There are 2 protein chains.
Amino acid sequence: MDCNPNDTDDKILLATITLMTKKGIKATTTRAIAVEAGVNEVTLFRHFGNKAGLMKAAVEKFSNVPSMTKAFKEKITWDLEKDLLAFCEAYHDVLTINQDVIIISFKEVDVLPELEQEIAKIPRQLKILLVEYFNAMQEKGKMISTNTEAQAMNFIWMNFGFFISRARFGDNVTELTSDEMIKNCVQLFARGLTP
Amino acid sequence: MDCNPNDTDDKILLATITLMTKKGIKATTTRAIAVEAGVNEVTLFRHFGNKAGLMKAAVEKFSNVPSMTKAFKEKITWDLEKDLLAFCEAYHDVLTINQDVIIISFKEVDVLPELEQEIAKIPRQLKILLVEYFNAMQEKGKMISTNTEAQAMNFIWMNFGFFISRARFGDNVTELTSDEMIKNCVQLFARGLTP
DNA sequence: AAGTTATGCAAGCAGGTACTTACTTATATA
DNA sequence: TATATAAGTAAGTACCTGCTTGCATAACTT
């Protein structure tokens with residue numbers, strides 16, 4: 001993640017991820033990467049063998065799929081609104097850190113199926129975490145009787161929809177900020193799911 | 001939209017949209033389209049001039065961005081749950097009909113900026129419609145005081161997030177059906193926004 | 001029957017792209 | 001100072017892809 005503008009490898013991988021995200025793999029030429037990185041084209045091949053090696057290295061460098069599970073369970077306060085806010089912010093952070101890689105995984109399902117699997121771990125993990133949490137809250141009598149998996153997914157979908165719309169359409173549809181979105185999202189779920 | 005398997009134009013455009021959606025514009029070759037369509041490659045050029053013409057024609061044929069505004073205002077019952085369900089189902093229909101084109105617009109922002117604008121009309125229209133509806137409901141005392149634009153966007157983002165996740169990850173993350181999603185989405189908003 | 005129209009087929013051209021090779025230049029280290 | 005290491009330069013090869021041309025064939029129209 002740390003990118004030293006004097007390090008050749010870093011310059012190359014940054015240029016690669018940037019162009020991949022913008023144009024897609026097929027439309028990103030090794031020449032264009034070399035120019036963007038301010039490096040000779042041969043250097044790419046000397047460092048990474050071939051184009052596929054380059055792409056792989058770039059994706060690895062710029063993806064960071066953490067295990068949200070452990071750290072989170074400790075922070076739980078059993079106050080629905082507070083906890084949802086924490087989940088929300090953490091999810092947004094992960095999405096933001098992995099923004100480029102997520103967009104690439106969307107564009108290149110056909111050619112990078114392993115990446116899709118890797119990225120799918122993010123919602124899968126969060127879903128498990130939320131369902132466990134919702135079930136516990138129900139037992140405590142702090143949440144209405146509802147389909148916890150469906151509500152967990154609704155939470156994920158809402159935030160993912162926001163993220164991906166923002167990444168593509170920008171503020172073309174609405175000028176709501178990320179903070180306003182999170183605030184209203186949490187309020188909705190808290191009010192909708194509290195007994 | 002109606003595709004006659006005996007009509008050459010239809011066969012070509014169907015093959016084009018299919019491959020474009022799967023592989024992206026750059027990776028979709030005219031040779032591959034010809035094979036998929038069961039047609040000679042020259043025929044493509046005779047019918048549509050060049051590759052760009054082909055892509056344009058395919059996108060036009062398979063996109064259908066309706067004006068949801070008029071028809072809907074008449075169907076409103078001023079029962080939050082019923083109306084949200086109607087909005088939800090209508091939105092899902094529009095997304096499904098335009099699925100391929102939406103995926104393409106995501107992949108090809110760089111090369112088809114006009115398409116992005118066209119697709120952005122869908123959420124923009126729905127947002128306006130929902131905000132108007134929510135404001136009216138508030139005046140009737142049938143909705144809590146809240147940021148109506150934020151809640152309208154939350155509704156859109158949740159459904160869009162569902163749609164796009166389903167289109168990419170399939171049931172990789174959850175096996176919830178579309179119907180279950182809609183049901184729980186509507187319940188959440190109805191309970192969260194009713195006074 | 002004659003002609004128009006739609007399509008197939010074979011070949012090829014021009015430009016681009018991934019990748020290679022051989023040689024030179026600069027920098028850092030010993 | 002001598003040597004190893006990293007990078008630049010120039011040229012070229014093999015393949016792919018969009019697109020064209022010329023001709024053959026079948027079907028439909030008048």
Side-chain angles (χ1 to χ4, degrees), chain A residues 2-62 104 107-108 110-115, chain B residues 2-62 104 107-108 110-115:
Chain A
D2 32 305
C3 254
N4 183 343
N6 291 324
D7 183 86
T8 307
D9 272 23
D10 282 5
K11 284 190 296 183
I12 292 173
L13 293 180
L14 180 61
T16 305
I17 238 333
T18 305
L19 291 177
M20 270 176 91
T21 307
K22 195 177 171 209
K23 312 218 175 207
I25 290 182
K26 190 82 187 195
T28 298
T29 69
T30 51
R31 292 213 224 298
I33 296 174
V35 170
E36 173 89 10
V39 162
N40 194 281
E41 193 183 355
V42 208
T43 306
L44 309 185
F45 295 105
R46 283 200 270 246
H47 282 233
F48 301 97
N50 51 32
K51 189 177 172 181
L54 238 185
M55 302 291 170
K56 195 181 164 203
V59 164
E60 270 170 25
K61 182 173 176 70
F62 291 96
I104 291 171
K107 288 189 177 181
E108 314 289 347
D110 197 54
V111 59
L112 295 177
E114 341 78 51
L115 180 59
Chain B
D2 33 304
C3 253
N4 182 344
N6 291 323
D7 184 86
T8 307
D9 271 24
D10 282 5
K11 283 190 296 183
I12 292 174
L13 293 179
L14 180 62
T16 304
I17 216 57
T18 305
L19 291 177
M20 269 176 92
T21 307
K22 195 177 170 208
K23 312 219 175 206
I25 290 181
K26 190 84 187 192
T28 299
T29 69
T30 50
R31 295 217 218 291
I33 295 173
V35 170
E36 173 89 10
V39 162
N40 195 280
E41 194 182 355
V42 256
T43 306
L44 310 185
F45 296 105
R46 284 199 268 244
H47 282 233
F48 302 97
N50 53 29
K51 189 178 172 181
L54 237 184
M55 302 290 170
K56 197 181 162 202
V59 164
E60 270 171 24
K61 182 173 176 70
F62 291 97
I104 291 170
K107 288 190 176 180
E108 314 289 348
D110 198 54
V111 59
L112 294 177
E114 340 79 50
L115 180 59

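A, B, ... follow the sequence lines: proteins, then strands. Residue 1 opens every chain. In what follows, every heavy atom counts, from backbone to side chain, and hydrogens, waters and symmetry copies are set aside. As the structure is a computational prediction, the values presented were derived from the model and not from experiment.
Applying the side chain to side chain donor-acceptor pair (under 3.5 Å) definition to pairs two or more places apart or across chains, none involves residues 11-24 of chain B. Applying the side chain to side chain donor-acceptor pair (under 3.5 Å) test to residues at least two apart or on different chains, the pairs with a partner in residues 33-46 of chain A are A:T30-A:E41, A:R31-A:E41.
By the side-chain hydrogen bond (donor to acceptor under 3.5 Å, both in side chains) test, B:D9 pairs with B:H47, sequence neighbours left out. Take B:A32 and apply the side chain to side chain contact (heavy atoms under 4.5 Å, CB included) test, not counting sequence neighbours, and it matches B:L19, B:T29. Taking the side chain to side chain contact (heavy atoms under 4.5 Å, CB included) definition, one finds that A:K26 meets it with B:K26, B:A27, sequence neighbours left out. Residues meeting the side chain to side chain contact (heavy atoms under 4.5 Å, CB included) test with A:V111, sequence neighbours left out: A:I25, A:E108. In this structure B:N4 satisfies the side chain to side chain contact (heavy atoms under 4.5 Å, CB included) test together with B:N6, B:D7, B:D10, sequence neighbours excluded.
Computed from C1' positions of five pairs at each end, the angle between the two local axes of the helix from C:dA1-D:dT30 to C:dA30-D:dT1 equals 10°, rounded to 10 degrees.
Residues A:F48 and A:L13 approach most closely at CZ-CD2, 3.7 Å, considering heavy atoms. Here the closest non-hydrogen pair linking A:F62 and A:I17 is CD1-CG1, 3.3 Å.
Counting only heavy atoms from C-beta outward, the side chains of A:I104 and A:M55 never approach each other to under 4.5 Å. By the 4.5 Å heavy-atom criterion applied to side chains, A:M20 and A:V59 are counted as neighbours.
Atom CZ in A:F45 sits about 9 Å away from atom C1' in C:dT20, given to the nearest Å.
Along DNA chain D, the stretch of nucleotides lying under 4.0 Å from any heavy atom of chain B spans, 5' to 3', D:dT17 to D:dT21.
Across residues 21-35 of chain B, not one residue has a non-hydrogen atom less than 4.0 Å from an atom of DNA chain C.
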Contacts under 3.5 Å, N or O only, protein and nucleotides 6-8 of chain C:
from: C:dT7; atom 1: OP1; to: B:T8; atom 2: OG1; distance (Å): 2.3
from: C:dT7; atom 1: OP2; to: B:H47; atom 2: NE2; distance (Å): 2.5
from: C:dG8; atom 1: OP2; to: B:N40; atom 2: N; distance (Å): 3.0
from: C:dG8; atom 1: OP2; to: B:T43; atom 2: OG1; distance (Å): 2.7
from: C:dG8; atom 1: N7; to: B:R46; atom 2: NH2; distance (Å): 2.6
from: C:dG8; atom 1: O6; to: B:R46; atom 2: NH1; distance (Å): 3.2
from: C:dG8; atom 1: O6; to: B:R46; atom 2: NH2; distance (Å): 3.4

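Few gaps surround NZ on B:K61; more than 12 heavy atoms of other groups in view lie less than 6.0 Å from it.
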